[in-house]
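See below for the structure under consideration.
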Amino acid sequence: MKLTSQMIKDRARELGIDCIAIGNIERFKDAPTLMSPLTYFPEAKSVIAIGMRIPRGTYRGIEEGTHWHNYTFYSYNKLNSYFRPRLSYELACFIEDHGWEAALHYPAVPEGNGTMAEPVAPGKVPPDVICSVRVIAAGCGLGEIGFSKVFLTKEFGPRVRLGLIFTDCELEPDPILDTGDICLHCGACARECPGNAVPSVKDEKKRLYVDFGGEKTVWYGDVRMGRCTLSHHGLNNECSPFLKKEFPNMAFDVRNSEMTEEEAYILSYTVAGGRWGRKPDTNKVMDYYDYIISHTGYFAICGARGCIRACMNVLEKADRIENKFHNPFYRKKSWLLPNKPEVVSKGVNPYREEFLDKNYPGIRNNEYVKTDDDDEGNS
């Protein structure tokens with residue numbers, strides 16, 4: 001049964017998919033083996049990339065410092081795992097109704113997937129092929145990988161989540177966008193990132209290049225993903241009031257951390273799910289993180305302060321985004337918290353000390369107290 005690119009796009013619009021583009025498989029012939037659509041589906045002839053918008057209002061609670069749930073639920077986890085996949089499924093069924101196979105691909109972190117498994121048969125690659133949705137979406141012409149590695153579309157700028165469908169139907173491809181068609185390379189993402197994860201746009205040595213089968217080469221910034229992951233998952237006192245409350249004395253310098261992305265994931269989720277019996281009222285190390293994970297299976301705390309919020313503000317002002325608003329997003333300067341504690345604890349167990357000092361004044365006399373550093377740096 002005949003199936004064309006336009007028929008697929010028309011059906012996508014009917015379903016409520018916000019943006020769609022199609023690439024021919026030849027553009028991805030040089031993709032790394034464990035990130036290639038051809039490893040996933042060797043008979044594929046076309047790749048379909050779709051995008052669903054992130055409502056701008058889901059950032060409002062974090063921007064105001066008042067409400068965090070909506071960003072994790074509507075902007076991230078459930079948009080990636082429920083709202084968008086439901087429509088991807090419907091579009092895949094439409095393709096298969098016309099006699100062509102449609103292989104859905106869920107977005108994930110290719111390099112962090114943990115290739116530790118033996119092949120299922122001799123000559124096979126390890127059984128955990130994960131494609132880069134951003135790179136492939138750029139190769140389909142859906143948009144551009146912005147300098148901060150966040151994907152940009154002409155419709156919504158950085159406010160989009162992606163999905164892929166591989167099919168053995170040969171379809172008419174869309175043109176690939178050039179680097180800079182959307183991204184202004186203004187540096188707002190780098191300036192506003194609380195983790196200092198985005199390099200300077202002027203540093204040409206901090207650029208990553210992707211070649212799409214010789215058809216076009218694009219580039220974007222070499223983001224320090226360890227710093228990004230620590231901030232995103234709330235292990236940065238500057239952008240997490242929850243961490244600041246529970247660990248006011250931490251002063252972990254995320255901005256200069258050399259932690260890898262995988263190490264950052266391990267630390268973040270270990271702290272988020274940790275238990276500590278001596279903590280009063282609850283044994284959860286991070287009460288809010290534990291709460292939101294139990295409700296959504298994920299937790300996003302930074303709210304993409306630089307890579308999305310600052311970026312969309314610049315692109316909206318420059319009239320680079322088609323989805324327009326009556327009012328600007330920023331109404332005041334965005335908040336950041338000081339990394340270092342305002343009052344340094346001088347004891348060992350702040351929970352214990354605060355309780356005893358309040359209920360039994362003087363009972364801790366002659367206990368250990370940390371001395372202040374003098375002007376010469378001695379204690």
Taking atom types as modelled and ignoring hydrogens, do the side chains of Gln6 and Asp10 form a donor-acceptor contact shorter than 3.5 angstrom? yes
Angle class for the Tyr59/Tyr71 ring planes (parallel below 30°, perpendicular above 60°, tilted otherwise)? tilted
Correct closest heavy-atom pair for Trp335 and Cys239 would be CH2-O, 3.5 Å
Could you tell me which non-hydrogen atom of Ala138 sits nearest to which non-hydrogen atom of Ile176, and how far apart they are? O-CG2, 3.5 Å
Between Lys45 and Glu101, does any side-chain N to carboxylate O distance fall below 4.0 Å? no
Side-chain ion pair, Asp319 and Lys324, N-O less than 4.0 Å: yes
d(Arg309 CZ, Ile62 CD1) to nearest 0.5 Å is 6.0 Å
Anything under 30° is parallel, anything over 60° is perpendicular, the rest tilted; go ahead and classify Tyr289 against Phe242. perpendicular
Ile136 vs Pro37 side-chain heavy atoms within contact, under 4.5 Å: yes
For Glu63, is there an ion pair with Arg60 - N to carboxylate O distance below 4.0 angstrom? no
Atom OH of residue position Tyr209 - does it have more than 12 heavy atoms of other residues, nucleotides or ligands inside 6.0 Å? yes
Indicate yes or no: at least one non-hydrogen side-chain atom of Ile50 is less than 4.5 angstrom from one of Arg84. yes
When you look at Arg364 and Arg352, which way does the side-chain contact (heavy atoms from CB on, under 4.5 Å) test go after all the steps? CA-CA 10 Å; Arg364 292 197 309 113; Arg352 168 184 178 273; 4.0 Å; yes
Lys370 NZ to Ser345 OG distance, which is reported to the nearest 0.5 Å: 6.5 Å
Give the minimum heavy-atom separation between Gly141 and Ala21, together with the two atoms involved. C-CB, 3.6 Å
Quick one: do the Ser46 and Glu170 side chains pair a donor with an acceptor below 3.5 Å? no
Taking C-beta and beyond as the side chain, do Met286 and Phe247 meet within less than 4.5 Å on heavy atoms? yes
Which value, rounded to the nearest 0.5 Å, describes the distance between Leu208 atom CG and Ile145 atom CD1? 9.0 Å
Would you say that Lys154 contacts Ile182 through its side chain, given a criterion of any heavy-atom pair below 4.5 Å between the two side chains? yes
With a 4.0 Å cut-off on N to O distance, would you call Lys9 and Asp174 a salt bridge? yes
For the residue pair Phe299 and Tyr269, is the inter-centroid distance of their aromatic rings smaller than 6.0 Å? yes
Atom CD of Glu215 with >12 non-hydrogen neighbours under 6.0 angstrom: yes
Stepwise ring-ring contact (aromatic ring centres under 6.0 Å, His included) check, Tyr298 with His233: CA-CA 9 Å; Tyr298 194 79; His233 288 295; 5.4 Å; yes
Do the non-hydrogen side-chain atoms of Cys189 and Val314 ever get within less than 4.5 Å of each other? no
What closest approach, in Å, do Gly51 and Leu142 show between heavy atoms, and which atom pair accounts for it? N-CD2, 4.1 Å
Aromatic plane relationship, His69 with Tyr288 - under 30° parallel, 30 to 60° tilted, over 60° perpendicular: tilted
Any Lys/Arg nitrogen of Glu261 or Arg224 sitting under 4.0 Å from an Asp/Glu carboxylate oxygen of the other? no
Keeping Lys332 on the side-chain end and Glu64 on the backbone end, is there a donor-acceptor pair under 3.5 Å? no
Is Arg305 reaching over with its side chain to a backbone N or O of Glu192, donor-acceptor style, under 3.5 angstrom? yes
How far apart are the closest heavy atoms of Phe329 and Arg56, and which atoms are they? N-NH1, 3.4 Å
When rounded to the nearest 0.5 angstrom, what is the spacing between NE2 in His185 and CH2 in Trp219? 3.5 Å
Distance-minimising heavy-atom pair for Gly195 and Ser231: CA-OG, 3.4 Å
Hydrophobic cluster membership, with links at side-chain heavy-atom distances under 4.5 Å among I/L/V/M/F/W/Y: are Val150 and Met225 in one? no
Is it true that the side chains of His232 and Tyr265 contain a donor and an acceptor less than 3.5 Å apart? no
Roughly how far, to the nearest 0.5 Å, is CG of Leu152 from CE of Met312? 12.5 Å
